[in-house]
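Since the structure comes first, as structure tokens, the remarks are kept for the end.
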Amino acid sequence: MLEDTKKRAAGSRTTTLKAVPFFSQLDDKELEAVRALAAEKHYPKNAVVLTEGEIGDSLYMIQSGKVKVFIGDENGREIILKILGPGAFFGEMSMIDKQPRSASVRTIEASTFLVLTHNAFERCIEQAPRMATVVMRCLAERVREADRKIGTLALMDVYGRVASTLLELAVYSDGKLMVGEKLSQQDLANMVGASREMVNRILKDLTDRGFISIESKEITIVNRELPPSL
Ligand code: CMP
């Protein structure tokens, strides 16, 4: 019975690793080596996992749950950089360069992570050197995404930022284009750098004009040609 439970847990860890781009190209033997080096950690909803500016050297892979990555100021204002779910990872920057954490990470659902320290990661790379190429590709993708975001923040007004953020978050579900995250208007405001009141007005306008519909916090994109401004 205990053996079965252990096997199931090991199986779900392997599934997690396979979904993480760093490890998706490894064969079963290499995955087994990584799994043996990774520790499983559980966090309740709303728990701080990483704090911006703190020293840390571990990589976190999301097995289940969801987190938000954000930067904040001393007045409690925050900008959400990204919401991440199963298969995604975070903490790779400090794991690689051992500099302080570039952002904070907090759970928005109870979450389970596989955690790999810098030393363990180096051992993984020794065992599977092609992983280094994948790491570089992932970092390049993150810089590209950050560039796109800087462009959006600098060149669009709030209306356009809300529209492009909704499209960025939207995924098809049952034939409908839906914003997968149940975001509060404050979350959305924190993603686009605007006030909650402003976001509320824009969502109402987009609803009135038939571009989106909102039901119990779930936003459906009715017409994906969202206008970039009023
Ligand atoms: P690290 O700096 O170790 O700790 C905070 C983590 O947040 C960072 O690694 C990345 O994993 C993640 N992070 C930082 N900036 C972004 C971003 N713009 N988009 C997605 N994730 C990010």
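For ligands, and for the atoms within them, numbers begin at 1 and follow the listed sequence. Just so it is clear, the structure is predicted and the values come from calculations on it, not from any experiment. Only this structure's heavy atoms are used, side chains among them; waters, hydrogens and symmetry mates stay out.
The protein non-hydrogen atom at the shortest distance from atom 19 (N) of ligand 1 is Lys82 CB, 4.0 Å. Taking atom 5 (C) of ligand 1 as the reference point, the nearest protein heavy-atom neighbour is Ala103 O, 3.5 Å. Among all non-hydrogen protein atoms, the one lying nearest atom 16 (C) of ligand 1 is Leu81 CD1, 3.9 Å. Given atom 11 (O) of ligand 1, the protein heavy atom at minimum distance is Glu92 OE1, 2.6 Å. Looking from atom 12 (C) of ligand 1 to the surrounding protein, the closest heavy atom is Val69 CG1, 3.8 Å.
Contacts between Gln99 and ligand 1 below 4.0 angstrom, taking non-hydrogen atoms only, are absent altogether. With a 4.0 Å heavy-atom cut-off, ligand 1 is reached by the side chain of Leu50 but not by its N, CA, C or O. With a 4.0 Å heavy-atom cut-off, ligand 1 is reached by the backbone of Ser102 and by its side chain too.
The backbone N or O of Met95 sits less than 3.5 Å from a side-chain atom of His118, completing a donor-acceptor pair.
Atoms CG and CG, from Asn200 and Leu188 in turn, are 10.5 Å apart once rounded to the nearest 0.5 Å.
Between Arg161 and Asp157 there is no salt bridge, since none of the side-chain N atoms of the basic residue sits less than 4.0 Å from a carboxylate O of the acidic one. A salt bridge is absent between Glu168 and Arg148: the closest approach of a Lys/Arg side-chain nitrogen to an acidic carboxylate oxygen does not fall below 4.0 angstrom. Looking at Lys204 and Asp208, a side-chain N of the basic residue comes within less than 4.0 Å of a carboxylate O on the acidic one, giving a salt bridge. Under 4.0 Å is where a charged nitrogen must lie from a carboxylate oxygen, and between Arg142 and Glu145 no such pair does.
Taking 4.0 Å as the cut-off, Gly91 counts as a neighbour of ligand 1 on heavy-atom distance.
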Show which side-chain atoms of residues 211-222 pair as donor or acceptor with protein atoms under 3.5 Å away, not counting sequence neighbours.
none

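For Glu225, the CD atom sits in a loose shell: 12 or fewer heavy atoms of surrounding residues, nucleotides or ligands are nearer than 6.0 Å.
The residue among Arg101, Met93, Glu145 with a heavy atom at the shortest distance from atom 4 (O) of ligand 1 is Arg101.
Ligand-side atoms of ligand 1 in range of Phe90: 11 (O), range being under 4.0 angstrom from any heavy atom.
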